[in-house]
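Only one structure is covered here, and it is reproduced in the block below.
This is a predicted model, so every value here is computed, not measured. Any value given below was found using the heavy atoms of this structure, including those in side chains, with hydrogens, waters and symmetry copies removed. Reminder, nothing fancy here: chain letters follow the sequence lines and each chain counts from 1.
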Amino acid sequence: MPELPEVETTLRGIAPHIDQQTVSKIIIHNGSLRWPVDKTLPRILKNQQLLKLQRRGKYLILCFSKGSLLLHLGMSGTLRVLNAGETLQKHDHFEMCFNNGKALRLRDPRRFGSVLWTTEPWETHKLINKLGPEPLSDDFDENRLYTKSRKKTVAIKSFVMNSHIIVGVGNIYASESLFIAGINPNKAAGKVSKKAYSALTQAIKIILGNAIKQGGTTLKDFSSPDGNPGYFAQQLNVYGRKGEPCPKCKKPITQKVINQRATYYCTVCQR
DNA sequence: CAAAGGTCCTGCTCGC
DNA sequence: TGCGAGCAGGACCTTT
């Protein structure tokens, strides 16, 4: 479920409840996630104060004085803040309880998510230190994609989804931003013009920025049992719309698998 | 049976 | 020949 806007929305939803709070208990219900959860975490984090929460790409980072916890939601993860003692649901794998009576709970049916403890500065962690710039930061400018893509033969769609180039463009927003920029997702990244990359860069910033704004309006969902993310569904132009008319030219939207991922585009408007 | 919003890892190919 | 870079595909898992 999580694209970057949802991860950001999750961060904004949970932070007010647990920021600066002290951990009373950690419970690992099922440590078999993408990587095994460190079994000593309950001992390490007991009575530690959560000093800061932040996001880098799709990783959420919880900072303590002894180190940092890197959380990733994978394909199907959700994080919620509940009152301690609420009934455990199926696929609730990890839980951090706080002295204020709140509990942060990770639910993830597919278990592609992760909970990783590191004592080094989180910026230098192996999974973080090679990440590209944040899409909404000034470090992500129209030159970045163009410069990095020279001589690359991968499809532009795969290229923008590569977190080492730029973080936060997932499968939905890759299709959406390429549509707005008028670029065929199959085109070799190295053959996309500077002008097209400029349009793509703008599209990514606008689309992700808007999605975060929308997400912000659904913050209340995060404390409800069945908070439903669907906030973006009505404004997607092409994703999931195979056969429906292109919003610009009315030709049916094409769906094709590119590097194992469903891709949606208009063969007329995207060249 | 296919597909679902992620991404790391492995192994192959290619060019210096 | 050896090595790194780039790339495709596999892997992880459950639910619909």
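Applying the 4.0 Å criterion to OP1 and OP2 of C:dA8, one finds that A:S158 has every side-chain N and O outside that range. Side-chain nitrogen and oxygen atoms of A:K90 include none within less than 4.0 Å of the OP1 or OP2 phosphate oxygen of C:dT14. The side chain of A:Y173 places no N or O atom within less than 4.0 Å of a non-bridging phosphate oxygen (OP1 or OP2) of B:dG6. In this model, the phosphate group of C:dT14 is not approached by any side-chain N or O of A:H91 to a distance below 4.0 Å at OP1 or OP2. For the pair A:K152 and C:dG6, the criterion of a side-chain N or O lying under 4.0 Å from OP1 or OP2 is met.
Within 4.0 Å of A:F159, counting heavy atoms only, lies no atom of the nucleic acid at all. Residue contacts shown for A:R34 include a base, since a base heavy atom lies under 4.0 Å away.
With sequence neighbours left out, the side chain to side chain contact (heavy atoms under 4.5 Å, CB included) criterion links A:T119 to A:W117.
Between the base of C:dC13 and the side chain of A:R111 there is no donor-acceptor pair shorter than 3.5 Å.
Residues A:W35 and A:Q255 both approach DNA chain B. Their nearest nucleotides, taken by heavy-atom distance, put A:Q255 toward the 5′ side.
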Protein-nucleotides 10-15 of chain B N/O pairs under 3.5 Å:
none

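Residue-nucleotide stacking is present for A:F112 and C:dC12, judged by a side-chain ring centre under 5.5 Å from the six-membered base ring centre and planes under 30° apart.
For the segment residues 124-134 of chain A, the set of residues with a heavy atom within less than 4.0 Å of an atom of DNA chain B comprises A:K126, A:L127, in numerical order.
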